[in-house]
Number of protein chains: 2
Amino acid sequence: MESNEAGSMLRDAGLRVTAPRLAALEALGDHSHATVDEVYERVATGLPGTSLQAMYVVLAALTGAGLVRRIEPAGSAARYELRIGDNHHHVVCSLCGAVEDVDCVVGEAPCLMPSHTSGYLVQTAEVTFWGLCPACRALETGDDAVASVPAAAPHDQPVRS
Amino acid sequence: MESNEAGSMLRDAGLRVTAPRLAALEALGDHSHATVDEVYERVATGLPGTSLQAMYVVLAALTGAGLVRRIEPAGSAARYELRIGDNHHHVVCSLCGAVEDVDCVVGEAPCLMPSHTSGYLVQTAEVTFWGLCPACRALETGDDAVASVPAAAPHDQPVRS
DNA sequence: ACGTCTTTATGAATGATTCAAAACAACTGA
DNA sequence: TCAGTTGTTTTGAATCATTCATAAAGACGT
């Protein structure tokens, strides 16, 4: 028996092993940070008869079971990824919306302990970096037209807070 | 002439001074982290005939001009705040969605310089802390029922990355 | 193989946000 | 002060991502 990893991942998480779920996991393995729609399209090629709504349900189940992480960058649809439990953050391009992993962070990361939390019991921290992806950078410098920012999400917070 | 601060803020930003804009700024001054809908309701009381869509336009203009910051916590509608340019982050309650400011961060914040950025030109960093607000904390401990989490957004990233 | 309970398929509904065109009002110069 | 120009708001409808409801299908334990 080969490539049964995904199957046991599901079983271990208390979920039944179904074709749509296996396909979704595989799709995310190939193409991380995919939107529901992207996962659906990939799954649908090898598994006709699948519906977009099914993918919503599947991904919600996988997320709930902790097999998949859901990120939701401002101004874009939700995206899913397989890498979980390894403390990484994201860079997203403010022009095209591309997302990459960032293997954060140096040492103890004192700045991720907020100074005072207004009585909140802080459980998790989420860091998103915004900037220009290599492709969009090239465009900006190539045609040095002042490239009006095509609206992704407003950011006014300088790096290194 | 008094209380013309907002007026000159607008003018200085190259925007015309209009009643809806002044009202929106005032509403945000009273109640930060408000959704478009909340701003609209507050504005509508003193300025009947205002429409929700107008608030969308107004807030977009203010955001574009840098007078207002838009935040978009996963799982909730966009929220707006007046505090800008002062490098602060947010704690949001994963149960009720309440948002508070966090006057981050200690010193140089080395962790907000990602180790390698895959060629991205990083411009801004955004930090969101997730946890339980005082009220929801009380509920959790009060009735020690295992309080099923009412779904706000999935988080699996431990604090101090 | 059987029955039960989870999961998927299908279709419709909701909520937040945006678009388009026409009415309106703020600033400019006369 | 007045009219023109142009930026804003109004109104109504459309779009997108996501969720809900019901019934059919499938996975797993016996």
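A, B, ... follow the sequence lines: proteins, then strands. Residue 1 opens every chain.
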Problem set entry | Axis bend over the full length of the helix from C:dA1-D:dT30 to C:dA30-D:dT1, computed from five pairs that close each end, to 10 degrees | 40°
Exercise. Just how far, in rounded Å, is P of C:dT14 from OH of A:Tyr56?
Worked result: 17 Å
For this session: Mind checking side chain to side chain contact (heavy atoms under 4.5 Å, CB included) for A:Leu25 and listing every partner two or more places apart, or none if nothing turns up?
Result: A:Ala6, A:Leu10, A:Leu62, A:Val68, A:Leu82
Exercise. What integer distance in Å separates A:Leu25:CG from C:dT7:C1'?
Worked result: 15 Å
Considering only nitrogen or oxygen atoms on both sides, find all protein atoms under 3.5 Å from nucleotides 3-5 of chain C and state each distance.
from, atom 1, to, atom 2, distance (Å)
C:dC5, O2, A:Arg16, NH1, 3.3

Exercise. Taking atom CD1 of A:Ile71 and atom CD of A:Glu126, what is their separation to the nearest 0.5 Å?
Worked result: 8.5 Å
For this session: Name all residues meeting the side-chain hydrogen bond (donor to acceptor under 3.5 Å, both in side chains) criterion together with B:Tyr40; count only those two or more places apart in sequence or in a different chain, and write none if there are none.
Result: none
Seminar exercise, completed: For B:Arg83, the side-chain hydrogen bond (donor to acceptor under 3.5 Å, both in side chains) test, sequence neighbours excluded, returns B:Asp86, B:Asp101, B:Asp103
Problem set entry | Residues which pass side-chain hydrogen bond (donor to acceptor under 3.5 Å, both in side chains) with B:Tyr80, listed by chain and number, not counting sequence neighbours | B:Arg70
Distances for protein N/O vs nucleotides 8-10 of chain C N/O pairs under 3.5 angstrom?
from, atom 1, to, atom 2, distance (Å)
C:dT8, OP1, A:Thr18, OG1, 2.9
C:dA9, OP1, A:Gly49, O, 3.2

Exercise. For the pair made of CG in A:Leu59 and C1' in C:dT7, what is the distance, rounded to whole Å?
Worked result: 14 Å
Exercise. For A:Ser51, what residues pass the side chain to side chain contact (heavy atoms under 4.5 Å, CB included) criterion, not counting sequence neighbours?
Worked result: A:Gln53, A:Ala54
Exercise. Reckon B:Ala60 touches a base, only the sugar-phosphate, or nothing at all at heavy-atom distances under 4.0 Å?
Worked result: nothing
For this session: Output all residues satisfying ring pair (Phe, Tyr, Trp, His ring centres under 6.0 Å) with A:His90, sequence neighbours left out; order by chain, then residue number.
Result: A:His33, A:His88
Exercise. Can you give the first and last nucleotides of DNA chain D, 5' to 3', that have an atom under 4.0 Å from a heavy atom of chain A?
Worked result: D:dA17 to D:dC28
Problem set entry | For A:Glu81, salt bridge (charged side-chain N to carboxylate O under 4.0 Å, His left out) partners two or more places apart | A:Arg69
For this session: Please identify each residue that fulfils side chain to side chain contact (heavy atoms under 4.5 Å, CB included) with B:Ala135, with sequence neighbours left out.
Result: B:Cys133
